[in-house]
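Everything on this sheet refers to the single structure shown next.
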Amino acid sequence: MTKQRKIAYLLNAVGVVVIFALLMALFAAGVFGTSTTYIQGICTTACYTVIMVASLNLVVGFMGEFSLGHAGFVSVGAYVSAIVSGALAGKGLSDLGLFLVAILAGGLAAGIMGVLVGIPALRLRGDYLAIVTMAFAEIIRVCFCNFSITGGGKTLSGILKLSTFPRAFWVMVVCVTFMYMFVRSKFGRTVQAIREDYIAASAAGINVTFYKVLTFAVSSFFAGIGGAIYAHYMTAMIPTNFNFNYSAELLSEVIIGGTGSLTGSIIGAVFLSALPEAMRQFATYRMLCYSVVLVLVMLFRPGGIFGRWEFSLTRVLGRLTHRRETAKKGA
Amino acid sequence: MAATKTPVLRCQHLGIQFGGLKAVDDFNLEIGESELVGLIGPNGAGKTTVFNLITGVYKPTEGSFYLNGVQMNGKKTHKIVHAGIARTFQNIRLFKKMTVIDNVKAAMLRELHYGMPQAILRTPKFWREEQAITERAKQLLAVVHLQGKENLEADNLPYGEQRRLEIARALATDMKLLLLDEPAAGMNPTETEELLEIIDYIRDEFKISVLLIEHDMSLVMKICERIQVLDFGTTIAAGTPEEVANSPKVIEAYLGKDNEVVEGI
Ligand SMILES: Nc1ncnc2c1ncn2[C@@H]1O[C@H](COP(=O)(O)OP(=O)(O)O)[C@@H](O)[C@H]1O
Ligand SMILES: [Mg+2]
């Protein structure tokens with residue numbers, strides 16, 4: 001069992017490296033010709049979208065609470081990281097060092113915001129979180145529109161272009177691994193128990209508010225990291241980028257992929273960041289397409305495309321060896 | 001009996017009012033070590049409300065209660081659970097979409113000391129502790145005769161097994177006092193018999209006290225050492241099964257009504 005797990009971890013790691021090497025080789029070989037930079041950009045977009053969607057899934061899928069203001073936390077990460085990288089530029093840090101410090105600062109700022117928003121909102125039962133997060137996202141947007149340090153309502157430009165595809169890719173891998181391990185530990189188990197029945201959870205000795213706020217903070221932290229990569233990829237942004245539409249878009253990607261499945265979030269986010277780019281000429285119909293897809297998913301697969309299904313090599317290996325053993329016994 | 005030692009649970013003049021309704025009034029009860037006490041009464045008498053009071057779901061508007069001499073009122077449910085009171089629910093409340101074993105493990109949070117970094121990095125401490133609670137969860141499932149069902153979804157268990165799973169989850173909190181709210185409700189005689197055996201075994205094996213709510217009078221008479229009878233929130237009788245069964249008030253309030261109900265059906 002333990003050995004199998006080690007093999008699974010190793011294979012997962014190898015798989016990630018292979019995907020990365022493949023993409024890099026394709027870019028290097030110039031397969032995409034003149035659109036190489038463009039495709040690379042889509043891949044970078046996919047990477048930070050995966051982080052944002054997966055982190056939202058922690059709240060929506062695993063904790064079972066609705067958040068309608070994820071873009072608010074994304075924007076905190078984006079602006080704080082941009083300010084930090086701007087302040088530290090030329091202070092002797094390497095580009096990579098600067099990038100890491102900036103996204104970490106963005107993540108931490110968003111995480112702290114998550115605690116501040118989560119404590120009042122998550123103590124109450126019911127759909128308060130949806131309302132409070134929506135209000136928070138609006139308030140923070142208005143704030144960013146008025147602070148001079150964030151551009152004062154005008155475009156904040158001149159952010160360093162630190163988010164290269166390889167960096168975004170590896171940060172995504174680390175973030176998704178982190179979230180996966182989080183979900184597959186006492187933290188995930190506890191928060192799912194709360195989702196299933198908070199009265200029973202407290203009767204089982206669980207401090208419901210604490211674990212909800214903790215999970216919300218972790219989710220916000222990663223939203224901030226996603227936002228930080230976004231900022232240093234776009235290099236210019238305006239608070240209205242992070243409006244309600246953006247939150248709704250992220251939420252629909254969670255629901256389409258499957259609430260409670262990180263695999264679904266990853267595939268959903270990759271697919272949905274590539275799709276609008278591929279159909280650029282239909283850009284105006286993008287939200288319409290989303291709505292149609294969302295309605296179809298709700299009608300035919302209410303749990304999302306992947307439901308709660310999770311890709312697991314350990315399980316695949318387990319099944320394979322099991323089959324082999326039964327075959328041996330049969331012989 | 002329990003008079004000389006500190007009782008495991010002591011309720012003093014416990015009461016709660018919902019608007020104008022006194023759901024529980026002047027409730028007094030002492031439970032000694034390893035005692036099995038029954039709490040009975042007609043529907044709506046306030047039995048479940050007593051459980052909700054001593055597990056911190058409701059805050060008492062009057063009186064107080066003590067666990068091993070420590071006052072507990074006003075504490076949050078999870079704090080009371082940590083202090084040693086665990087319960088099951090009249091309307092089963094399982095973590096439906098989780099596996100049977102995860103239902104039990106969810107109640108063992110206090111045995112896991114690893115933090116987030118250890119969970120993320122999957123350190124030996126993480127594996128050791130997770131392994132340990134998995135083992136203990138399996139043992140507890142065996143106690144309630146659910147071995148081999150660890151990986152089923154809780155929702156897919158038959159009714160009687162769901163009730164037993166709730167007991168295993170309560171045991172997992174490592175409590176001193178177990179509150180069972182109509183654990184035999186909806187069970188057939190064979191299942192009820194099995195349940196009684198389990199309750200007996202638990203009491204001996206884990207050295208805990210049990211407070212049992214039950215609708216079925218004969219069942220309570222059979223296993224409880226002492227019985228307290230509630231009607232409209234007030235205690236109308238308390239004592240040994242014989243004393244209670246012969247109390248005219250009980251016969252009138254409880255048995256009388258129950259007979260009507262039986263006739264009604
Ligand atoms: N949260 C509440 N709000 C108002 N009334 C309640 C509440 N909980 C219980 N009651 C009332 O208290 C009385 C006792 O209920 P309960 O304890 O559930 O009875 P039982 O003895 O059947 O378990 C009932 O009349 C019920 O309607
Ligand atoms: Mg009841």
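Lettering of chains follows the sequences in order, A, B, ..., and the numbering in each one begins at 1.
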Within residues 85-98 of chain B, contacts to chain A at heavy-atom distances under 4.5 Å involve B/Arg87, B/Phe89, B/Arg93, B/Leu94, B/Phe95, B/Lys96, B/Lys97, B/Met98

So salt bridge (Lys or Arg N to Asp or Glu O under 4.0 Å) across residues 179-190 of chain A, not counting sequence neighbours, yields A/Arg189-B/Glu130

Go through the atoms of [X] and report whether side chain, backbone, both or neither lie under 4.5 Å from a heavy atom of chain B.
{"X": "A/Tyr198", "result": "neither"}
{"X": "A/Leu214", "result": "side chain"}
{"X": "A/Thr190", "result": "side chain"}

Residues at least two apart in sequence or cross-chain that pass side chain to side chain donor-acceptor pair (under 3.5 Å) with A/Arg195, listed by chain then number, are none

Counting heavy-atom pairs under 4.5 angstrom with chain A, the leader among B/Lys105, B/Met116, B/Arg169, B/Met175 is B/Met116

So CE of A/Met181 and CG of B/Leu121: to nearest 0.5 Å the spacing works out to 8.5 Å

So the ring-ring contact (aromatic ring centres under 6.0 Å, His included) pairs with at least one residue in residues 112-138 of chain B (sequence neighbours excluded) are B/Tyr114-B/Phe126

Quiz item: Quick one: does B/His78's side chain have a donor or acceptor within less than 3.5 Å of a partner on A/Val208's backbone?
Solution: no

* B/Arg110 atom CZ, over 12 foreign heavy atoms within 6.0 Å -> yes

- Message: Are more than 12 heavy atoms, taken from residues, nucleotides or ligands other than A/Phe66, located less than 6.0 Å from that residue's CZ atom?
- Response: no

Under 4.5 Å to a heavy atom of chain A? For B/Thr55 that would be neither

Taking every heavy atom of B/Arg122 against every heavy atom of A/Ser185, the minimum-distance pair comes out as NH1-CB, 4.2 Å

